[in-house]
Every structure is written in structure tokens, then in C-alpha cells.
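In this text the structure is predicted, and so the values were computed from the model without any measurement. Throughout, a chain's letter reflects where its sequence line sits, starting with A, and its residues are numbered from 1.
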2 protein chains.
Amino acid sequence: MIRVVLAEDQSMVRGALASLLGLEPDIEVVGEAANGDEAVAVAEATRPDIALLDIEMPGRDGIAAAEELRRRVPGCRVVILTTFGRPGYLRRAMEAGAVAFLVKDSPARDLAAALRRVLRGERVIDPGLAAAALSAGPNPLSPRERDVLSAAADGSTINDIALRLHLSEGTVRNYLSAAIQKTGARNRIEAVRKAQAQGWL
Amino acid sequence: MIRVVLAEDQSMVRGALASLLGLEPDIEVVGEAANGDEAVAVAEATRPDIALLDIEMPGRDGIAAAEELRRRVPGCRVVILTTFGRPGYLRRAMEAGAVAFLVKDSPARDLAAALRRVLRGERVIDPGLAAAALSAGPNPLSPRERDVLSAAADGSTINDIALRLHLSEGTVRNYLSAAIQKTGARNRIEAVRKAQAQGWL
DNA sequence: CCTCCGCGATGACATATGTCATCGCGGGCG
DNA sequence: CGCCCGCGATGACATATGTCATCGCGGAGG
């Protein structure tokens, strides 16, 4: 039996995925979690073969959970299952020790097949996505540029960001300007959207 | 048997939901669709008791599909199942003829229960969400203000929007200014986010 | 009939934003 | 050691954005 822990914040989707995996005779869902912290705790308690993690979750996200799991539950292989095939997500997931990266709009039947391949020691990554991640290159934003761009995402004004990050307004403008250049955008909104599409935030 | 057509764009989630419903002895998934147009076509062909529709789908969305279904397949009851419990979505779904509105982060076991209640003629709506929709009031944005705000969502500049909508720059600024006032925002980005959170776009 | 409201536009104005040059500090690296 | 790079800052400048007053048109409704 392949023992799986499932982490996904939307309960209905989580329950549905559990039922999908339950159809397979050789797969057993031994634990469920609604966020990254729960996922680590449940995996420590149940020692599954595979942790199937969503990325977008409140609190600790799936990628951070993957890093933690590598340390705390070494025998557990991490599979990322996410809505968005952002190149940056794939890169970060691999760096965090994931062995497979699946997107939710591939066919349902692929899921069980991927888990079996993972248990045989294979890595499972969509070839097109892998190519996109490689051709897109690494994240060009410096840590501080990322902070500022993230802070700008919700419509905050320069002043808000400066106060929140304890920076001068001019500095914020400079970082924002740099981020706009590096993303090839024309203003901060485009920069935020492009960076998010790449998984750089 | 309750005969259900399922529309959801992410195939893995769609397959998982189908398997979840398949566990119920009195429910049968008789058709699946990946977008609103397919949903209408499949429902016309299979005449299900219930159409279970996601809102966010490419092409015709779940709400537009609900309207179409009311005309084309009158016996079919529409249930909306969506990620976001935005007040404006609920309102629009009800106006489009939906009889139930479920959010994906309620427990998986609620889904089948809701479908049974719907078949008994009940409406199923989360009380808290209903209250939020009523207290938020109707969409205060005029159709044109919505157009302009939507066009601004991707980081387009005033000039881009003016060209795209065949308006003068000043007019675009005026509409944008009005939308900012009505949403209580401080700039267009906040206005876009607030309007989206309410389901006004 | 008159009024209100949405649509579309113009002009003027005050700020906010984006860009650039330039500075100092400090850590890593050949 | 000298160089580069990230961080933080300042000042100046050109645009972009947001606000306001005001106009005309046309349809809906008291």
C-alpha cells in the first residue's frame, strides 16, 4: 500500500481528492491537513510514503512545508499538486526537495499514476513546464525588491510601503523602478502581475 | 437516483468531485464539462436533475451558463460551487436562477447533503454569506465604470484603456475616479481589488 | 414638462509615480 | 587590496494619475 498524507486548504477539494485516491486499491490516505503546519505535524505522526501538497495555503505554504518535511520526515517523498504551473514555483519546489510537480488541470487519472511512479523512485514533471522554468531563468529580483513589490501588490501607496518596511520613500521608488525594469513592465501593477505569473513573489 | 452534470475547469478537481459524488448510492454523475458552453450542451443532451457549476471557468462562466440553462433545460436545477464566497457572486447567481450556492472550503460531506436538499425543493445558501450579500448591497458601479475598472485590472495605463474602449483619456480618468470613490479606495489598484472581493467585476 | 442619471468630453489643478545621477556603507571574492 | 553588488538614501525631473467644475446629449420616470 502507498500511504499518502494530503494537504489542501479547500476542504471540499481535499475530500474529493481523498475519495479519488481511495478508489485505487494500492493507495491509502492516512492523513489530511488544511495548511503547511498541519501537514508537517500529520506527516511526523503517520510517516507516510508520500506527502501530496498544495502550494497556495494559508500560513505555511506547500513549498515551505516541503523543506520542513525533508528535515523532519526524511523517508517521505514530497509531491506538489498546484493550480498554477508557474515556472518559479516549479524551481522553488525542486529546490525544496520535491520529487514531483503536478498541476490540477491535468487529467484526474494521472494523479495515481504519478504517485506510483514516485514510489518507484522516478521524478514526475510536465516536460513543457520544465522547459518553461529553464528558459525563464532564475528569479532576477533581489530579496528587497521582492519585499517591496509584494508590499505594492495590494494597492498600497509608496508612503504605505515605506512605513511598513521602514524605508524612505525614495528608496521604495528606486526598488520599485528596478523591479519594473527587471520584469519588463511599464508600471508597478504590470510588474506585480508579471512577477506573480512567473512565481517570483 | 439524482442525476448530476458537473462543470469545473480543472480536470483533476472535476474528476475528484465526480469520484466523491460517486461514493453516494443515490447520486450519479451523468456528464462532465470543462466550461460553461460544454455544460449547457451536456445538460441539454442528458437532462440531469442538477447542474453543479463552478463560476470561474474559461469562456462562458458558471453564472452565464446558469442563465442559459434556465431557458434551455428548465427542469434542471442549478447549483453553484465556487472557490470564492463573494457577495456579488451570490447575488448574480441567484438572479441567474441558481437554487444553491456552495463554497469549496465547506466540508466535503456537505456536498451530497446539499444536492439532496435541492432535489427536495429547498434552496441551500450559507447564512453568513447571505447576510454579507444583503448588507453589502447591490453593485454600485455603472456598466461603463465596470468596463473601465476591469480594463485597468491588468496594469493598463489610462491611454491603453482609452484606446481599447474607444474613449477619450479624460473620460477614462473620470470613470476611474468615480469607481475609486464608490469603492472607498485610494487608487485604481485598491479599487480593482475591492471590487473583485465583492464580486462586482 | 421637467428632472435625474448615465454617458462622453474638456480643461485645470495638485499629487503620485517612475527615472536618473549620485552618494555612503559593508560584505564577498578574485 | 580592489572591485562588484546589494542596501539605503537624496534631489531633481518628467509624466501619469486622481480630482473637480462644467458642458452637451438622450432616455427614463415622476
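- OP1 and OP2 of C/dT10 both lie 4.0 Å or more from every side-chain N or O belonging to B/T171.
- Under the 4.5 Å side-chain criterion, counting only non-hydrogen atoms from C-beta, A/L6 is in contact with A/L17.
- Atom pair B/Y175:OH and C/dG6:C1' shows a separation of 7 Å (rounding to whole Å applied).
- Between B/P48 and B/A43, the shortest heavy-atom distance links the atoms CD-O, 3.4 Å.
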Fill in: Stepwise salt bridge (Lys or Arg N to Asp or Glu O under 4.0 Å) check, B/R116 with B/D26
CA-CA 9 Å; B/R116 291 191 192 101; B/D26 57 338; 2.6 Å; yes
Item to complete: List the protein contact pattern of nucleotides 11-21 of chain D with one symbol per nucleotide (5' to 3'): B for base contact, S for sugar-phosphate-only contact, - for none; contact means a heavy-atom distance under 4.0 Å.
Response: -B----BBBB-
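- Classification of A/R186 and B/D160 as a salt-bridged pair holds, one side-chain N sitting under 4.0 Å from a carboxylate O.
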For residues 191-201 of chain B, tabulate all N or O donor-acceptor pairs below 3.5 Å that involve a side-chain atom, not counting sequence neighbours.
| residue | atom | partner | partner atom | Å |
| --- | --- | --- | --- | --- |
| B/R193 | NH1 | A/A153 | O | 3.3 |
| B/K194 | NZ | B/G184 | O | 3.3 |

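- Screening A/T83, A/V13, A/V103 for a side chain to side chain contact (heavy atoms under 4.5 Å, CB included) with B/Q10, the sole residue that qualifies is A/T83.
- A/R60 has a carboxylate O that lies under 4.0 Å from a charged side-chain N of A/E68, or vice versa, which qualifies the two as a salt bridge.
- For A/V5 against A/A39, the heavy-atom pair with the smallest separation is CG1-O, 4.5 Å.
- A cation-pi contact, defined as under 6.0 Å to the ring centre and within 45° of the axis, is absent between A/R92 and A/Y89.
- The shortest distance between side-chain heavy atoms of B/V78 and B/V99 does not fall below 4.5 Å.
- Helix-axis bend for the helix from C/dC1-D/dG30 to C/dG30-D/dC1: the local axis fitted to the five terminal pairs at one end deviates from that at the other end by 30°, rounded to 10°.
- Taking a 4.0 Å limit (strictly below) on heavy-atom distances, residues 138-147 of chain B reaches DNA chain C at B/S142, B/P143, B/R144.
- Residues A/N187 and B/G155 come closest through the heavy atom pair ND2-O, 2.9 Å.
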Discussion item. What does the B/S/- profile of nucleotides 23-30 of chain D look like, 5' to 3', with a 4.0 Å heavy-atom cutoff to protein?
Written reply: --------
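- Interatomic distance, B/E8 CD to A/D105 CG, rounded to the nearest 0.5 Å: 10.0 Å.
- Salt bridge annotation for B/R14-B/D54: absent, with no cationic side-chain nitrogen under 4.0 angstrom from a carboxylate oxygen.
- The stretch residues 190-201 of chain A has no heavy atom under 4.0 angstrom from DNA chain C at all.
- Going from atom CG of B/L165 over to atom C1' of C/dC7 covers 13 Å, rounded to whole Å.
- Counting all heavy atoms, side chain and backbone alike, B/S19 lies closest to A/A16 at OG-O, 4.0 Å.
- The heavy-atom pair separating B/N35 from B/M57 by the smallest distance is CA-SD, 3.7 Å.
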